[in-house]
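Take a look at the structure set out below.
In this chain, residues are counted from 1 in sequence order. What you see below is based on every heavy atom in this structure, not just the backbone, and it leaves out hydrogens, waters and symmetry mates.
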Amino acid sequence: MKRLKYAVGIVGVCAAFLFSACNSDESKKDNEPQQQMKLQPIVIQGALPVESERMAAKLDHVTVETIGGWKFWKGTYKGYPMIISKTRMGMSNSAAATAIAIQKYQPIAIINQGTSGGHDPELNVFDIVLGKYTTNIGAFRTPQQPIGGGSDALTWHEAFDVLPEDESDPEPIAIRKFESDPELLIAAYAAKANYSKGQVVEGTIGSADVWNNELDRIKFFHRTYGTSVEEMEAASVAQIAHQFKVPFLGIRILSNNITNNGAYDPATGEACQDYVLDVAEQYMKAKSESK
């Protein structure tokens, strides 16, 4: 009888332990969505429908807000709060959309992503550039020329810094590069393992309201600014995020590369969106676990 009582006691203790463990697991699972939703949303930007609507379609519990000419999809992705922002093309549009998003949604971070043209002959269509640095390649001071002296863009060597340390300086000439947030970059590398359509490399994203097709000019930017790709939004987003102290990362997929005859492929826009959603998930997961 004593052995039976002892066995029953052991079974009871084990059952209690298992019940407690199950309750602990359930409690942990129940707590995960709460931890996710405690986070501020991450904003992911795309200039055009081909760079934004695929991501928006994957959100749950979506509401759509239009402010001025800018559209925002607010929802969740795998339980994490996210906002997809269609900034429209160009430096002014993307800067305005960024300022609105920061003021209205107070995001935990911003990822600006989309398609781009290659500056580096070593990169191919579907390769993705993580913007370790983002820079404005449309701000410079031209050399003085008299009437009839002509114009040669290859002599425009003086970059113009629109955010000088000393604003009393009337000629703030320098190449300003906005550095990406280290934690966003770590998340981008974590997502790299799931991307199989091309390389994922670090580089410099160059931005301007210019579509460069002159190979000598592209070579100049690649050599002088270290640009891997060019597009029309990321540097202005980085500039606004920098002033609001919001973590930022630019990500660009090569949709074409005229330096090595890489033809345009419209499917690159969707590929980049899928990759960036993975990056955002990795980042939000890390933030959730650190709370």
Side-chain angles (χ1 to χ4, degrees), residues 47-48 50-51 88-95 112-164 171-180 197-239 250-269 271-272:
L48 297 168
V50 72
E51 297 169 320
R88 312 189 76 164
M89 286 192 297
M91 304 286 272
S92 297
N93 273 323
S94 55
N112 180 269
Q113 61 80 47
T115 58
S116 63
H119 278 194
D120 185 345
E122 298 298 315
L123 297 177
N124 298 306
V125 174
F126 279 101
D127 286 348
I128 287 176
V129 174
L130 307 177
K132 172 70 173 175
Y133 300 101
T134 305
T135 189
N136 187 331
I137 59 171
F140 31 71
R141 182 176 66 177
T142 68
Q144 290 187 345
Q145 289 281 16
I147 291 291
S151 178
D152 181 359
L154 295 178
T155 65
W156 299 357
H157 295 297
E158 292 188 327
F160 197 95
D161 181 7
V162 296
L163 286 179
E171 296 179 350
I173 305 298
I175 296 175
R176 173 177 286 273
K177 290 187 173 183
F178 296 98
E179 190 167 3
S180 64
K197 296 183 177 181
Q199 302 180 79
V200 178
V201 300
E202 282 187 19
T204 296
I205 299 170
S207 309
D209 285 328
V210 180
W211 186 316
N212 289 294
N213 282 313
E214 298 172 335
L215 285 171
D216 284 340
R217 185 70 172 153
I218 289 170
K219 184 178 179 180
F220 167 81
F221 284 127
H222 180 55
R223 183 180 67 248
T224 308
Y225 289 70
T227 51
S228 309
V229 293
E230 70 166 51
E231 44 73 83
M232 298 181 176
E233 292 87 27
S236 60
V237 176
Q239 179 180 318
I251 298 177
R252 280 297 184 279
I253 193 167
L254 275 79
S255 57
N256 72 297
N257 190 351
I258 66 172
T259 70
N260 58 19
N261 297 314
Y264 171 73
D265 192 325
T268 52
C272 192

Can a donor-acceptor pair be found, under 3.5 Å and without considering hydrogens, that links the side chain of R252 to the backbone of V229? no
Inter-residue atom distance E230.CD - W211.CH2, 0.5 Å rounding: 9.0 Å
Is any side-chain heavy atom of T268 closer than 4.5 Å to one of L254? no
So, for F160 and R141, which heavy atoms are closest and what is the spacing to 0.1 Å? CB-N, 4.5 Å
For the side chain of E51 and the backbone of T115, is there at least one donor-acceptor N/O pair under 3.5 Å apart? yes
Taking the side chain as C-beta and beyond, is there a heavy-atom pair between S207 and T134 under 4.5 Å? yes
Would you call the rings of F220 and Y225 parallel, tilted or perpendicular, taking 30° and 60° as the class edges? perpendicular
Identify the heavy atoms of N260 and P121 that sit nearest to each other, and give their distance. ND2-O, 3.0 Å
Compare all side-chain heavy atoms of T259 with those of L215 and state whether any distance is below 4.5 angstrom. yes
Side-chain donor or acceptor of N212 paired with backbone N/O of E214 under 3.5 Å: no
Smallest separation among heavy atoms of Q239 and L163, with atom names: CG-CD1, 3.7 Å
Considering all heavy atoms, the nearest I175-A159 contact: CG1-CB, 3.4 Å
Heavy-atom pair of closest approach, residues W156 and P143: CD1-CD, 3.5 Å
Could you tell me whether a side-chain N or O of S94 sits under 3.5 Å from a main-chain N or O of M91, the two making a donor and an acceptor? yes
Run the side chain to side chain contact (heavy atoms under 4.5 Å, CB included) test on L123 and S228 for me, step by step, so that the C-alpha distance in whole Å, both residues' side-chain angles and the decisive distance to 0.1 Å come before the verdict. CA-CA 8 Å; L123 297 177; S228 309; 4.0 Å; yes
With a cut-off of 6.0 Å (strictly less than), are more than 12 heavy atoms of other residues, nucleotides or ligands near CD of E202? yes
Could you state the interatomic distance from CD1 (I205) to CG (N136), rounded to the nearest 0.5 Å? 13.0 Å
Rounded to the nearest 0.5 Å, how far does CD1 of I218 lie from CD1 of I258? 3.5 Å
Could you tell me whether a side-chain N or O of N257 sits under 3.5 Å from a main-chain N or O of N124, the two making a donor and an acceptor? no
Should we count CZ of R88 as having more than 12 external heavy atoms under 6.0 Å? no
Quick test of your reading: applying salt bridge (charged side-chain N to carboxylate O under 4.0 Å, His left out), list the pairs with at least one residue in residues 127-139, sequence neighbours left out, ordered by first then second residue. K132-E179
What are the two closest heavy atoms between S180 and G131, and how far apart are they? CB-O, 3.2 Å
Flag the pair E231 / V129 as yes when at least one side-chain heavy-atom distance between them is below 4.5 Å, and no otherwise. no
Just by modelled atom types, is the S116 backbone N or O under 3.5 Å from a matching donor or acceptor in the S255 side chain? yes
Applying the side-chain contact (heavy atoms from CB on, under 4.5 Å) criterion to T204, which one of K177, H119, H222 satisfies it? K177
